[in-house]
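Every chain is numbered from 1 and lettered A, B, ... according to where its sequence line falls, protein lines coming before strand lines.
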Amino acid sequence: MDPPSPVTDRGLRDRRLALHGILTELTAPGPGRSHCLEELHVRTRSVLVTSALVAVMALAGCASQEDADGGSTPDPTPTGSPSPTASDGTPTVPTEAPGTTVEVTISGSDVTPNGKTVEVDRGEDVTFSITSDAPGELHFHSTPEQEIQFAAGTSSHTVRFDRPGVVEVESHELEKVVVKLEVS
Amino acid sequence: MPNLLQPVLLHVNIGGESDLPIPAAYAIAGACAALAVSFMVLALAWRTPRFNTGPATRRSFVDTVGGLVDSAWFGPLVRALGFAFFLYVATAAVFGEDSLVNPVFGVFYVLLWVGLVPMSLVFGSFYKAISPVRTINALLARLSGSDPSVGLRAYPSRLGYWPAVLGLFAFVWMELVYPFSTELGPVRLWCASYVAVMLIGGAVWGDEFYEHADPFEVYSTFVGHLSPWAREEGRLVLVSPLANLGRLPVRPGIVAVCAVLLGSTAFDSFKDSDFWLSRVQSSDLSLTLLDLIGLLCLILLVGGLFTAATMATGVHDGHRRWALPGELAHSLVPIIVGYIAAHYVNYLVEVGQQTVIQLSDPLSNGSNLLGTGNRAVNSWLTFHPTFLATTKVLGVVTGHVLAVVAAHDTAVRLLPKRHQLSGQLPLLLVMVGFTIGGLYLLFGA
């Protein structure tokens with residue numbers, strides 16, 4: 001006995017179409033529509049979408065030319081602002097050093113910030129103003145590795161990085177990443 | 001000085017600082033290029049398969065190379081060199097210091113895991129040629145007077161690549177999740193277990209076991225199918241990499257191999273993101289458990305999306321829909337290679353150099369056995385972040401282009417005429433999704 005031909009046995013084919021994927025149903029040839037016409041529609045659509053995407057690419061490339069040259073991502077707000085002169089402060093006010101300042105607060109097993117990214121420049125003085133309830137260490141995964149040892153209370157430490165890259169700053173006791181310094 | 005008996009490093013980062021994120025403009029441009037190429041392939045869609053339509057043409061220089069590679073001395077020499085290197089590093093592992101100066105970590109995580117990719121791209125099935133476990137198996141067989149390629153029984157074909165999937169997962173778990181991954185004891189134990197399992201498998205099932213179950217050999221074979229080298233009737237031939245992809249043997253577990261490789265690389269990026277760090281560090285659950293869940297979820301997501309996308313199409317009568325993901329899995333290999341290139345190129349170049357320097361002093365006693373001990377690492381790539389970012393985006397987009405072309409050619413071969421274009425759309429969308437996801441992770445999620 002001959003197996004039913006898919007072309008002539010419309011009932012069987014319609015049942016199969018109902019079982020197949022959603023997209024299959026959308027492009028299934030209906031009565032009167034030819035396969036070639038459907039293909040032409042898909043091809044025309046593809047060419048139009050391709051042209052639109054090329055246009056977007058060109059716009060993206062031209063519009064953010066400064067970004068491409070600078071090689072930096074959108075700026076998350078650093079916790080301190082660079083100041084050109086050191087202010088002569090009273091003992092209760094931490095002295096502002098030139099460069100970026102990152103404020104770190106450690107209490108118990110919580111640390112603020114908690115894995116945030118901060119952008120710094122190569123060779124810039126990065127000052128860590130640490131307020132902690134216990135003595136500890138901050139490890140910097142840079143090349144070469146650096147380390148800050150701090151006592152309980154408030155203290156200020158400065159580090160510098162000469163190589164571009166993302167340096168993870170980790171609290172040794174808490175085993176948590178405090179900040180990620182994007183050095184560029 | 002850090003106490004080396006405690007887990008000082010949260011993340012395996014034996015190279016100091018990580019790469020800078022790629023600029024937003026590059027990520028957007030890359031994503032648009034990937035989308036544009038995908039639709040261009042649909043627009044130019046060819047209707048008959050272009051690859052593997054006949055025997056590969058042979059040229060005389062390929063015959064010369066083939067003669068060299070198949071000569072009686074070349075294979076054994078390469079195998080001996082590979083085994084000598086294995087013994088050298090094993091000495092460092094057994095008798096060396098438990099510190100990051102020990103070259104074992106660099107060899108294991110960088111030269112082997114990452115270096116496998118470019119070596120396989122250039123030389124084909126690279127790991128198979130140097131595999132120390134194959135060498136030990138052959139030596140043991142020679143000693144007992146038996147044939148190394150024959151075991152006690154035949155390898156069950158239903159198992160396919162699944163043992164390699166387990167091996168690959170064990171590696172990426174060790175690399176990304178296990179908190180003591182940069183301590184000598186655990187690395188030594190991992191390698192010893194690997195050798196033990198491979199030797200037992202080789203004894204029971206013969207050499208065929210390594211083709212299916214050795215994680216590094218399977219990884220190297222998959223990437224090697226993007227190289228121009230192939231074998232036809234035992235002879236070396238040169239084929240187009242895209243044609244070579246189609247020759248990757250389809251066995252059970254092929255999709256899982258690709259899912260583990262792609263998902264783990266994605267997780268490596270993702271776990272350093274601000275989003276993941278802040279969530280994981282403010283949770284009460286253990287970091288190890290959360291990282292394991294994250295790794296598993298990404299792997300399952302990649303595998304699940306790919307499987308669903310390849311099956312959402314009409315099929316020929318008598319063609320099983322469930323066979324489609326396996327038959328199309330080879331098109332994921334270029335995406336995997338592109339993303340690994342983007343993620344690890346600077347890591348390989350810098351930490352690779354550092355490892356070669358450290359290899360001169362395997363026992364950390366001040367010796368300079370290989371003469372490289374006094375060299376300095378050339379960090380050109382680190383100091384040229386724009387070049388590095390461009391290379392990364394080009395790598396990812398090139399991988400995407402090759403993947404889409406390979407998928408189309410296979411779809412044209414497998415799918416009925418009516419579904420050749422529409423049946424590919426879900427897979428195309430998923431591939432675009434993977435590429436855009438990869439670019440977003442490089443941008444710094």
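Applying the side-chain hydrogen bond (donor to acceptor under 3.5 Å, both in side chains) rule to A:Gln146 yields no partners; only residues at least two apart in sequence or on another chain are considered.
The heavy-atom pair separating B:Pro21 from A:Glu182 by the smallest distance is CG-OE2, 3.4 Å. Taking each heavy atom of A:Val183 and B:Leu20 in turn, the nearest pair found is O-CD2, 3.5 Å. Contact record, A:Val177 with B:Leu277: CG1-CD1, 3.9 Å, taken as the closest heavy-atom pair.
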Derivation and outcome, side chain to side chain contact (heavy atoms under 4.5 Å, CB included), residues B:Gln281 and A:Leu174: CA-CA 10 Å; B:Gln281 290 182 169; A:Leu174 275 57; over 6 Å; no
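For B:Thr390, no part lies near chain A; criterion is any non-hydrogen pair under 4.5 Å.
Within 6.0 Å of CH2 in B:Trp322 there are 12 or fewer heavy atoms belonging to other residues, nucleotides or ligands. Dense packing is recorded around CZ of A:Arg122, with more than 12 heavy atoms of other residues, nucleotides or ligands lying under 6.0 Å away.
With rounding to the nearest 0.5 angstrom, the NE2 atom of A:His141 is 9.0 Å from the OG atom of B:Ser18.
Judged by distance alone, with hydrogens and angles left aside, the side-chain atoms of B:Glu17 form a donor-acceptor pair with the main-chain N or O of A:Thr143 at under 3.5 Å.
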